[in-house]
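Scroll down for the structure; my scribbles are underneath it.
Please read all numbers here as calculations on a predicted model, not as lab measurements.
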Amino acid sequence: MTQLQQIEEQLTRHIRETARLREELRALESADAVYETERRAWRALRRERDEFMRAQCASLTASSDGMIRAHVKPYADPSEFVNSLRQFLSGSRVSGGKIEALGESIASAADGAIQWDAVMTDLEKLAEVDPENEGNALRPEAPSLSAAGLTAGEIDRLARSLKPDQWLALTLIPIPSVPVFEYRARENEYIPFVNASAGQQATALLKTLLNQAGPPLIIDQPEEDLDNPVMLEIVEQLWKAKQKRQIIFASHNANLVVNGDAELVAWCDYRTSGDQSRGVVAGEGAIDVANVREAIERIMEGGKAAFNLRREKYGF
(Lines give C-alpha, C1' and ligand atoms only; values in the text may rest on other atoms or scores of the structure.)
Protein backbone atom coordinates (compact mmCIF):
# COMPACT_ATOMS: atom_id res chain seq x y z
CA MET A 1 0.00 0.00 0.00
CA THR A 2 2.84 2.34 0.81
CA GLN A 3 4.37 1.76 -2.61
CA LEU A 4 1.01 2.39 -4.27
CA GLN A 5 0.62 5.62 -2.34
CA GLN A 6 4.06 6.78 -3.46
CA ILE A 7 3.16 6.04 -7.06
CA GLU A 8 -0.07 8.00 -6.67
CA GLU A 9 1.85 10.96 -5.25
CA GLN A 10 4.31 10.84 -8.14
CA LEU A 11 1.42 10.75 -10.62
CA THR A 12 -0.14 13.76 -8.91
CA ARG A 13 3.14 15.68 -9.11
CA HIS A 14 3.50 14.81 -12.80
CA ILE A 15 -0.07 15.90 -13.50
CA ARG A 16 0.54 19.23 -11.78
CA GLU A 17 3.84 19.73 -13.63
CA THR A 18 2.19 18.80 -16.94
CA ALA A 19 -0.58 21.32 -16.29
CA ARG A 20 1.97 23.99 -15.40
CA LEU A 21 3.99 23.34 -18.54
CA ARG A 22 0.82 23.36 -20.63
CA GLU A 23 -0.07 26.79 -19.21
CA GLU A 24 3.44 28.06 -19.90
CA LEU A 25 3.22 26.76 -23.46
CA ARG A 26 -0.17 28.40 -23.94
CA ALA A 27 1.24 31.68 -22.58
CA LEU A 28 4.23 31.44 -24.90
CA GLU A 29 1.98 30.81 -27.90
CA SER A 30 -0.11 33.82 -26.90
CA ALA A 31 3.01 35.97 -26.46
CA ASP A 32 4.27 34.91 -29.87
CA ALA A 33 0.95 35.89 -31.48
CA VAL A 34 0.98 39.26 -29.71
CA TYR A 35 4.58 39.83 -30.80
CA GLU A 36 3.76 39.09 -34.44
CA THR A 37 0.68 41.33 -34.37
CA GLU A 38 2.57 44.26 -32.84
CA ARG A 39 5.52 43.76 -35.17
CA ARG A 40 3.25 43.87 -38.23
CA ALA A 41 1.64 47.07 -36.92
CA TRP A 42 5.08 48.55 -36.28
CA ARG A 43 6.23 47.78 -39.81
CA ALA A 44 3.01 49.22 -41.24
CA LEU A 45 3.70 52.46 -39.37
CA ARG A 46 7.25 52.47 -40.76
CA ARG A 47 5.89 52.14 -44.29
CA GLU A 48 3.42 54.95 -43.61
CA ARG A 49 6.22 57.18 -42.33
CA ASP A 50 8.36 56.39 -45.38
CA GLU A 51 5.47 57.25 -47.70
CA PHE A 52 5.01 60.57 -45.92
CA MET A 53 8.73 61.30 -46.26
CA ARG A 54 8.59 60.42 -49.98
CA ALA A 55 5.70 62.83 -50.49
CA GLN A 56 7.62 65.61 -48.72
CA CYS A 57 10.72 64.88 -50.81
CA ALA A 58 8.67 65.04 -54.01
CA SER A 59 7.18 68.36 -52.88
CA LEU A 60 10.66 69.75 -52.16
CA THR A 61 11.95 68.64 -55.57
CA ALA A 62 8.99 70.31 -57.29
CA SER A 63 9.35 73.53 -55.25
CA SER A 64 13.01 73.81 -56.21
CA ASP A 65 12.17 73.51 -59.94
CA GLY A 66 14.46 70.49 -60.02
CA MET A 67 17.50 72.29 -58.57
CA ILE A 68 17.26 69.98 -55.57
CA ARG A 69 16.45 66.30 -56.01
CA ALA A 70 15.23 64.63 -52.83
CA HIS A 71 14.35 61.00 -52.26
CA VAL A 72 14.11 58.52 -49.39
CA LYS A 73 16.61 55.70 -48.90
CA PRO A 74 14.95 52.94 -46.84
CA TYR A 75 16.90 50.98 -44.22
CA ALA A 76 19.80 53.36 -44.66
CA ASP A 77 21.33 53.57 -41.18
CA PRO A 78 22.02 50.20 -39.49
CA SER A 79 24.47 51.68 -36.96
CA GLU A 80 22.34 50.94 -33.86
CA PHE A 81 21.78 47.36 -35.03
CA VAL A 82 25.50 46.89 -35.73
CA ASN A 83 26.52 48.31 -32.33
CA SER A 84 24.06 46.07 -30.47
CA LEU A 85 25.10 42.94 -32.37
CA ARG A 86 28.76 43.76 -31.74
CA GLN A 87 28.01 44.06 -28.03
CA PHE A 88 26.12 40.75 -27.95
CA LEU A 89 28.99 39.00 -29.73
CA SER A 90 31.73 40.51 -27.58
CA GLY A 91 34.38 37.86 -26.93
CA SER A 92 33.08 35.57 -29.67
CA ARG A 93 35.99 36.31 -32.02
CA VAL A 94 33.60 37.45 -34.75
CA SER A 95 35.40 40.50 -36.16
CA GLY A 96 33.82 43.95 -35.91
CA GLY A 97 34.47 44.44 -39.61
CA LYS A 98 32.32 41.44 -40.49
CA ILE A 99 29.50 42.71 -38.27
CA GLU A 100 29.70 46.09 -39.99
CA ALA A 101 29.63 44.33 -43.37
CA LEU A 102 26.44 42.58 -42.29
CA GLY A 103 24.86 45.96 -41.51
CA GLU A 104 26.09 47.35 -44.81
CA SER A 105 24.49 44.44 -46.65
CA ILE A 106 21.13 45.73 -45.38
CA ALA A 107 21.81 49.40 -46.17
CA SER A 108 23.12 48.70 -49.68
CA ALA A 109 20.52 46.11 -50.69
CA ALA A 110 18.13 46.86 -53.54
CA ASP A 111 15.32 46.07 -51.10
CA GLY A 112 16.45 46.72 -47.54
CA ALA A 113 13.29 45.22 -46.02
CA ILE A 114 13.83 41.84 -47.73
CA GLN A 115 17.50 41.76 -46.75
CA TRP A 116 16.65 42.73 -43.16
CA ASP A 117 14.15 39.85 -42.95
CA ALA A 118 16.72 37.42 -44.38
CA VAL A 119 19.39 38.47 -41.88
CA MET A 120 17.01 38.26 -38.92
CA THR A 121 15.73 34.84 -40.04
CA ASP A 122 19.28 33.50 -40.19
CA LEU A 123 20.17 35.04 -36.82
CA GLU A 124 17.04 33.50 -35.26
CA LYS A 125 18.02 30.01 -36.44
CA LEU A 126 21.51 30.47 -35.01
CA ALA A 127 20.24 31.89 -31.72
CA GLU A 128 18.10 28.76 -31.22
CA VAL A 129 21.12 26.46 -31.47
CA ASP A 130 21.80 24.86 -28.07
CA PRO A 131 25.59 25.03 -27.51
CA GLU A 132 25.46 21.97 -25.19
CA ASN A 133 23.89 19.81 -27.92
CA GLU A 134 25.78 21.45 -30.75
CA GLY A 135 27.61 18.28 -31.67
CA ASN A 136 24.40 16.28 -32.06
CA ALA A 137 22.83 18.46 -34.73
CA LEU A 138 23.92 20.18 -37.88
CA ARG A 139 24.35 23.94 -37.63
CA PRO A 140 21.58 25.59 -39.71
CA GLU A 141 22.51 27.32 -42.95
CA ALA A 142 22.79 31.13 -42.87
CA PRO A 143 23.01 32.25 -46.53
CA SER A 144 22.53 35.96 -45.87
CA LEU A 145 25.42 35.96 -43.38
CA SER A 146 27.65 34.00 -45.75
CA ALA A 147 26.84 36.42 -48.57
CA ALA A 148 27.86 39.32 -46.30
CA GLY A 149 31.31 37.76 -45.88
CA LEU A 150 31.10 35.76 -42.65
CA THR A 151 33.05 32.50 -42.79
CA ALA A 152 31.69 29.15 -41.63
CA GLY A 153 33.86 29.41 -38.51
CA GLU A 154 32.54 32.87 -37.69
CA ILE A 155 28.95 31.70 -38.17
CA ASP A 156 29.65 28.78 -35.78
CA ARG A 157 31.05 31.15 -33.17
CA LEU A 158 28.06 33.44 -33.64
CA ALA A 159 25.68 30.51 -33.05
CA ARG A 160 27.49 29.65 -29.80
CA SER A 161 27.28 33.26 -28.55
CA LEU A 162 23.93 34.74 -29.63
CA LYS A 163 21.03 34.08 -27.24
CA PRO A 164 17.30 34.05 -28.11
CA ASP A 165 16.58 37.08 -25.93
CA GLN A 166 19.38 38.97 -27.69
CA TRP A 167 17.90 38.05 -31.07
CA LEU A 168 14.53 39.37 -29.87
CA ALA A 169 16.18 42.64 -28.83
CA LEU A 170 17.74 42.93 -32.31
CA THR A 171 14.34 42.55 -33.99
CA LEU A 172 13.09 45.58 -32.07
CA ILE A 173 15.87 47.89 -33.28
CA PRO A 174 14.60 50.12 -36.10
CA ILE A 175 16.87 50.70 -39.08
CA PRO A 176 15.90 54.23 -40.09
CA SER A 177 15.11 55.45 -43.57
CA VAL A 178 16.80 58.76 -44.37
CA PRO A 179 16.17 61.51 -46.91
CA VAL A 180 18.88 62.04 -49.53
CA PHE A 181 19.40 65.48 -51.09
CA GLU A 182 21.21 66.20 -54.36
CA TYR A 183 21.99 69.38 -56.30
CA ARG A 184 21.57 69.70 -60.08
CA ALA A 185 25.03 70.70 -61.26
CA ARG A 186 24.14 70.34 -64.95
CA GLU A 187 21.17 69.12 -66.94
CA ASN A 188 20.37 65.60 -65.69
CA GLU A 189 23.56 65.55 -63.62
CA TYR A 190 23.26 65.65 -59.84
CA ILE A 191 25.83 65.77 -57.05
CA PRO A 192 25.37 65.34 -53.28
CA PHE A 193 23.91 68.57 -51.94
CA VAL A 194 26.68 68.87 -49.34
CA ASN A 195 29.23 68.92 -52.21
CA ALA A 196 27.61 71.94 -53.88
CA SER A 197 29.23 75.33 -53.28
CA ALA A 198 27.81 77.74 -50.70
CA GLY A 199 26.43 79.89 -53.52
CA GLN A 200 24.77 76.93 -55.23
CA GLN A 201 23.21 75.78 -51.98
CA ALA A 202 21.98 79.28 -51.11
CA THR A 203 20.47 79.79 -54.58
CA ALA A 204 18.63 76.47 -54.54
CA LEU A 205 17.27 76.93 -51.03
CA LEU A 206 16.18 80.54 -51.57
CA LYS A 207 14.39 79.70 -54.82
CA THR A 208 12.70 76.76 -53.11
CA LEU A 209 11.46 78.91 -50.23
CA LEU A 210 10.14 81.58 -52.60
CA ASN A 211 8.18 78.96 -54.54
CA GLN A 212 6.39 77.75 -51.43
CA ALA A 213 3.22 79.22 -49.98
CA GLY A 214 2.91 79.51 -46.22
CA PRO A 215 3.36 81.81 -43.24
CA PRO A 216 5.58 84.93 -43.36
CA LEU A 217 9.11 84.18 -44.57
CA ILE A 218 11.87 86.03 -42.69
CA ILE A 219 15.44 85.81 -44.02
CA ASP A 220 18.53 87.66 -42.81
CA GLN A 221 20.71 88.82 -45.70
CA PRO A 222 19.46 86.50 -48.46
CA GLU A 223 22.10 87.97 -50.77
CA GLU A 224 24.88 86.16 -48.89
CA ASP A 225 26.91 83.94 -51.27
CA LEU A 226 24.84 85.04 -54.31
CA ASP A 227 26.33 86.87 -57.31
CA ASN A 228 24.53 89.67 -59.17
CA PRO A 229 23.07 87.60 -62.06
CA VAL A 230 21.50 85.24 -59.54
CA MET A 231 20.21 88.18 -57.53
CA LEU A 232 18.36 89.46 -60.59
CA GLU A 233 16.73 86.02 -60.98
CA ILE A 234 15.69 86.15 -57.34
CA VAL A 235 14.26 89.64 -57.84
CA GLU A 236 12.05 88.41 -60.68
CA GLN A 237 10.93 85.46 -58.57
CA LEU A 238 10.05 87.80 -55.72
CA TRP A 239 7.21 89.34 -57.74
CA LYS A 240 5.41 86.00 -57.88
CA ALA A 241 6.42 84.95 -54.39
CA LYS A 242 4.76 87.99 -52.81
CA GLN A 243 1.41 86.72 -54.06
CA LYS A 244 1.81 83.55 -51.96
CA ARG A 245 3.18 84.79 -48.64
CA GLN A 246 4.51 87.82 -46.80
CA ILE A 247 8.28 88.20 -47.21
CA ILE A 248 10.55 90.08 -44.82
CA PHE A 249 14.21 90.51 -45.72
CA ALA A 250 17.00 92.12 -43.71
CA SER A 251 19.31 93.09 -46.54
CA HIS A 252 22.12 95.36 -47.74
CA ASN A 253 21.34 94.68 -51.41
CA ALA A 254 19.42 97.50 -53.07
CA ASN A 255 18.24 95.34 -55.98
CA LEU A 256 16.15 93.22 -53.64
CA VAL A 257 14.45 96.32 -52.25
CA VAL A 258 14.12 98.53 -55.32
CA ASN A 259 13.58 96.09 -58.18
CA GLY A 260 11.84 93.60 -55.95
CA ASP A 261 9.16 96.30 -55.43
CA ALA A 262 9.33 96.34 -51.64
CA GLU A 263 6.03 97.61 -50.28
CA LEU A 264 7.57 98.84 -47.04
CA VAL A 265 11.18 99.80 -46.37
CA ALA A 266 12.49 100.35 -42.84
CA TRP A 267 16.03 101.28 -41.90
CA CYS A 268 17.82 101.48 -38.58
CA ASP A 269 20.41 103.61 -36.86
CA TYR A 270 22.08 103.85 -33.47
CA ARG A 271 20.10 105.61 -30.78
CA THR A 272 23.19 107.48 -29.69
CA SER A 273 25.94 108.33 -32.17
CA GLY A 274 29.00 106.20 -31.44
CA ASP A 275 27.06 103.86 -29.15
CA GLN A 276 26.64 100.64 -31.10
CA SER A 277 24.75 98.77 -28.39
CA ARG A 278 21.37 100.46 -28.80
CA GLY A 279 19.41 100.63 -32.06
CA VAL A 280 16.33 102.45 -33.28
CA VAL A 281 14.14 102.38 -36.40
CA ALA A 282 15.32 105.56 -38.11
CA GLY A 283 12.59 105.66 -40.77
CA GLU A 284 10.18 103.71 -42.92
CA GLY A 285 8.01 104.13 -45.98
CA ALA A 286 7.42 103.14 -49.62
CA ILE A 287 10.24 103.28 -52.17
CA ASP A 288 8.60 106.12 -54.11
CA VAL A 289 8.87 108.47 -51.08
CA ALA A 290 11.79 110.89 -51.39
CA ASN A 291 13.42 110.33 -47.98
CA VAL A 292 13.12 106.56 -48.41
CA ARG A 293 14.86 106.71 -51.79
CA GLU A 294 17.58 108.88 -50.28
CA ALA A 295 18.10 106.41 -47.42
CA ILE A 296 18.33 103.50 -49.86
CA GLU A 297 20.96 105.30 -51.98
CA ARG A 298 22.91 106.34 -48.87
CA ILE A 299 22.82 103.09 -46.90
CA MET A 300 22.45 100.17 -49.27
CA GLU A 301 24.99 98.63 -51.61
CA GLY A 302 24.31 99.62 -55.22
CA GLY A 303 21.44 101.96 -54.33
CA LYS A 304 21.82 104.41 -57.23
CA ALA A 305 22.49 101.64 -59.72
CA ALA A 306 19.33 99.84 -58.59
CA PHE A 307 17.19 102.93 -59.19
CA ASN A 308 18.82 103.47 -62.58
CA LEU A 309 18.03 99.84 -63.51
CA ARG A 310 14.45 100.35 -62.38
CA ARG A 311 14.14 103.50 -64.57
CA GLU A 312 15.60 101.70 -67.59
CA LYS A 313 13.24 98.78 -67.13
CA TYR A 314 9.99 100.49 -66.14
CA GLY A 315 10.48 104.15 -67.07
CA PHE A 316 10.16 105.42 -63.47
Side-chain angles (χ1 to χ4, degrees), residues 28 31-32 34-51 53-54 57 71-182 192-195:
L28 287 172
D32 186 61
V34 170
Y35 167 80
E36 289 299 331
T37 299
E38 294 299 325
R39 183 167 173 77
R40 283 194 296 270
W42 175 51
R43 295 186 70 161
L45 287 172
R46 285 197 58 176
R47 288 192 295 271
E48 183 179 341
R49 183 191 61 182
D50 285 357
E51 286 303 317
M53 290 174 61
R54 287 189 186 94
C57 285
H71 65 276
V72 175
K73 180 171 176 50
Y75 290 82
D77 183 9
S79 55
E80 185 179 355
F81 165 78
V82 168
N83 291 336
S84 296
L85 184 57
R86 183 187 287 116
Q87 182 180 351
F88 293 153
L89 299 180
S90 177
S92 67
R93 294 188 296 119
V94 177
S95 72
K98 293 295 183 66
I99 297 173
E100 289 179 5
L102 186 60
E104 180 58 28
S105 75
I106 299 168
S108 61
D111 190 323
I114 292 177
Q115 178 66 7
W116 166 247
D117 285 340
V119 169
M120 295 314 300
T121 297
D122 286 349
L123 289 177
E124 181 182 16
K125 291 185 294 185
L126 297 175
E128 291 175 345
V129 172
D130 185 354
E132 295 183 2
N133 297 324
E134 185 181 7
N136 299 326
L138 292 174
R139 190 255 297 157
E141 295 295 324
S144 70
L145 275 60
S146 298
L150 274 75
T151 66
E154 288 170 324
I155 293 174
D156 287 337
R157 291 194 288 273
L158 190 155
R160 287 194 291 269
S161 299
L162 190 65
K163 306 295 187 293
D165 61 324
Q166 294 173 333
W167 171 84
L168 181 61
L170 290 173
T171 69
L172 300 177
I173 296 175
I175 299 187
S177 302
V178 299
V180 177
F181 304 102
E182 298 171 302
F193 193 78
V194 294
N195 292 348

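In this structure, T121 OG1 and K125 NZ are separated by 7.0 Å, a value rounded to the nearest 0.5 Å. For the atom pair CD1 (I99) and CG (N83), the distance works out to 9.5 Å, reported to the nearest 0.5 Å.
Under 4.0 Å is where a charged nitrogen must lie from a carboxylate oxygen, and between R47 and D50 no such pair does. One finds a salt bridge joining R86 and E100 here, because a Lys/Arg side-chain nitrogen approaches an Asp/Glu carboxylate oxygen to under 4.0 Å.
Between the side chain of K98 and the backbone N or O of L145 there is no donor-acceptor pair closer than 3.5 Å. A donor-acceptor pair is defined here as one N or O able to donate and one able to accept, closer than 3.5 Å; no such pair exists between the side chain of R46 and the backbone of P174.
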Please evaluate residues S92 and L158 with respect to the criterion side chain to side chain contact (heavy atoms under 4.5 Å, CB included), reporting the C-alpha separation (whole Å), side-chain torsions for both, the decisive distance (0.1 Å), and the verdict.
CA-CA 7 Å; S92 67; L158 190 155; over 6 Å; no

Quick one, E51 with R54, criterion salt bridge (Lys or Arg N to Asp or Glu O under 4.0 Å). Give me CA distance, side-chain angles, the key distance, then yes/no.
CA-CA 5 Å; E51 286 303 317; R54 287 189 186 94; 2.8 Å; yes

Is there a side chain to side chain contact (heavy atoms under 4.5 Å, CB included) between Q115 and S144? Walk through the geometry before answering.
CA-CA 8 Å; Q115 178 66 7; S144 70; 4.3 Å; yes

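Listed here is the closest heavy atom pair of A76 and I175: N-CG2, 4.2 Å. Summarising the geometry of I155 relative to S146, their closest heavy-atom pair is CD1-OG, 3.4 Å, with the distance given to 0.1 Å.
Within 6.0 Å of CD on Q87 lie no more than 12 heavy atoms contributed by other residues, nucleotides or ligands.
Annotation: side chain of M120 is not in contact with side chain of E124 (no heavy-atom distance under 4.5 Å).
Ring orientation note: the planes of W116 and F81 are nearly perpendicular, at an angle over 60° on the 30°/60° scale.
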